**Q** 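Handing you a structure now.
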Amino acid sequence: MDIPPMHPRYKSLRERYLLVQGLRDGIVAEAGLIAHGRGEAFDYLLGEETTPEAVKAVKAATAMLLLSENPVISVNGNTTALASKEIVELSRILNAKLEVNLFHRTREREEKIQEILLNNGAGRVYGVGENASEKIPGIDSKRGKIDPKGIQSSDVVFVPLEDGDRTEALIAMGKKVIAVDLNPLSRTAQKATVTIVDNITRAIPKLMETATGYRETEQGKLSEMVKEFNNKKNLKQIIEKMRAGI
Ligand code: ATP
């Protein structure tokens, strides 16, 4: 990328570059570029900064993930293009599994994403090929594929970037769902157990930092943090801020 780091839109241009590159490399789906554009518009309304509400959600999400018996991080093309190194590091800190979970699923993309995660230090990647042998009830075949050793047997699923249908279906399966979504009005944001309204490029490092800080925190304290968090109220505050122009 030949944009100088001092360019005022450097971060945003770099993200676009990574996604276009990801598309060329067969990792990002075409629709992933459109989804990112929608996210960018909401990021503008947030001032392209992590809000205090997002920090609250990150804290509750971290507590929930640390309390989880079998946490799984769901990884799609956009997440891989934007934050593959960080997502692997987060899985290590949280002791969480990584599962490839694609809306536009092809064997080639699954394997490419797996390879990138492994190259970034992942120990094992779930949900690739025949391993994604189970289904999320109510979701059509390709979009609904999950790994019985991964998402299917998880209690908490972290879905940075997900669509509303699958979020609802995962909740219906009895999972706790933690989403990262810049659009507080989306069905994903509204249905998730904890919604972090922030760009994944900021939210994942924030989760890493918070999880590292909470490693010694006792379980009772973590449970309190989860109980005290009110997702609906938090989303309402973010929507009000966006309306007011922050
Ligand atoms: P839903 O199905 O949940 O109602 P949708 O149809 O907008 O919403 P998708 O198109 O599947 O959902 O996903 C795009 C979502 O991802 C958008 O809501 C967008 O705000 C969000 N998004 C895109 N890029 C990012 C990013 N980098 N960080 C956080 N969120 C993002």
Side-chain angles (χ1 to χ4, degrees), residues 9-23 27-51 53-58 61 73-87 90 100-105 109 113 116 136 138-140 142-145 151 157-172 175 177-208 231-232 234-235 238-239 241-243 246:
R9 303 295 306 149
Y10 178 76
K11 273 194 198 156
S12 164
L13 293 170
R14 182 170 172 274
E15 285 175 18
R16 288 184 179 186
Y17 169 82
L18 291 173
L19 287 162
V20 171
Q21 201 56 47
L23 179 78
I27 296 155
V28 170
E30 279 122 335
L33 300 187
I34 301 168
H36 183 77
R38 179 176 288 167
E40 278 189 338
F42 281 99
D43 208 4
Y44 236 91
L45 297 174
L46 287 177
E48 295 173 327
E49 273 177 15
T50 301
T51 61
E53 289 78 11
V55 172
K56 258 194 211 172
V58 163
I73 300 175
S74 162
V75 185
N76 71 0
N78 282 33
T79 304
T80 307
L82 293 173
S84 48
K85 197 168 135 257
E86 291 80 3
I87 209 90
L90 182 66
V100 177
N101 190 16
L102 304 175
F103 193 88
H104 303 280
R105 197 181 262 274
R109 284 183 64 224
I113 291 172
I116 291 174
I136 306 175
I139 302 291
D140 64 53
K142 269 197 173 176
R143 287 195 309 133
K145 279 171 172 256
I151 290 178
V157 195
F158 175 51
V159 286
L161 310 184
E162 184 53 289
D163 89 304
D165 268 19
R166 287 201 306 196
T167 303
E168 274 194 88
L170 288 170
I171 297 272
K175 317 281 180 210
V177 176
I178 297 166
V180 179
D181 194 329
L182 278 160
N183 176 6
L185 301 164
S186 78
R187 288 168 310 149
T188 299
Q190 294 290 329
K191 296 286 176 189
T193 321
V194 175
T195 310
I196 302 164
V197 180
D198 202 5
N199 195 320
I200 59 162
T201 56
R202 297 190 299 268
I204 294 173
K206 197 84 201 155
L207 281 158
M208 284 157 58
N231 204 45
K232 287 268 173 255
N234 205 47
L235 284 170
I238 295 165
I239 294 164
K241 270 196 172 173
M242 283 183 170
R243 283 214 172 104
I246 300 278

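Start at 1 and go down the list; that is how both ligands and their atoms are numbered. The first residue in the sequence is number 1, and the count goes up from there. Quantities reported herein were computed from a predicted structural model and do not represent experimental measurements.
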**Q** Identify which of Thr188, Leu33, Leu161, Ile200 has a heavy atom lying nearest to atom 25 (C) of ligand 1.
**A** Leu161
**Q** Among Asp163, Asn199, Asn78, whose heavy atom sits nearest atom 27 (N) of ligand 1?
**A** Asn199
**Q** So, does Arg109 use its side chain to make a donor-acceptor pair with the main chain of His104 at under 3.5 Å?
**A** yes
**Q** With a 4.5 Å limit on heavy-atom distance, are the side chains of Val28 and Leu33 in contact?
**A** yes
**Q** Checking Thr201 against Glu15: is there a side-chain donor and acceptor pair closer than 3.5 Å?
**A** yes
**Q** To check your reading of the model: name the closest protein heavy atom to atom 18 (O) of ligand 1, its residue, and the distance in Å.
**A** Asp181 OD1, 2.8 Å
**Q** Taking Val177's backbone N and O only, do any of them form a donor-acceptor pair with Thr193's side chain (distance below 3.5 Å, no angle check)?
**A** yes
**Q** Evaluate Leu182 for polar contact with ligand 1, using N/O atom pairs at a separation under 3.5 Å.
**A** yes
**Q** Mark yes or no for whether Asn231, through its side chain, and Thr195, through its backbone, hold a donor-acceptor pair below 3.5 Å.
**A** yes
**Q** Are the side chains of Thr51 and Leu46 in touch, meaning some heavy atoms are under 4.5 Å apart?
**A** yes
**Q** To which protein heavy atom is atom 7 (O) of ligand 1 closest, and what is the distance rounded to 0.1 Å?
**A** Arg38 NH1, 2.3 Å
**Q** Looking only at non-hydrogen atoms, which of Arg187, Arg166, His36 approaches atom 24 (N) of ligand 1 most closely?
**A** His36
**Q** Between Pro160 and Ile87, is there a side-chain heavy-atom distance shorter than 4.5 Å?
**A** yes
**Q** Among Glu162, Arg202, Glu15, which residue places a heavy atom closest to atom 12 (O) of ligand 1?
**A** Glu162
**Q** How far is atom 29 (C) of ligand 1 from its nearest protein heavy atom, and which residue and atom name does that atom have?
**A** Asp198 O, 3.3 Å
**Q** I'd like the name of whichever of Ser186, Gly39, Ala35, Gly32 reaches closest to atom 8 (O) of ligand 1 through any heavy atom.
**A** Ser186
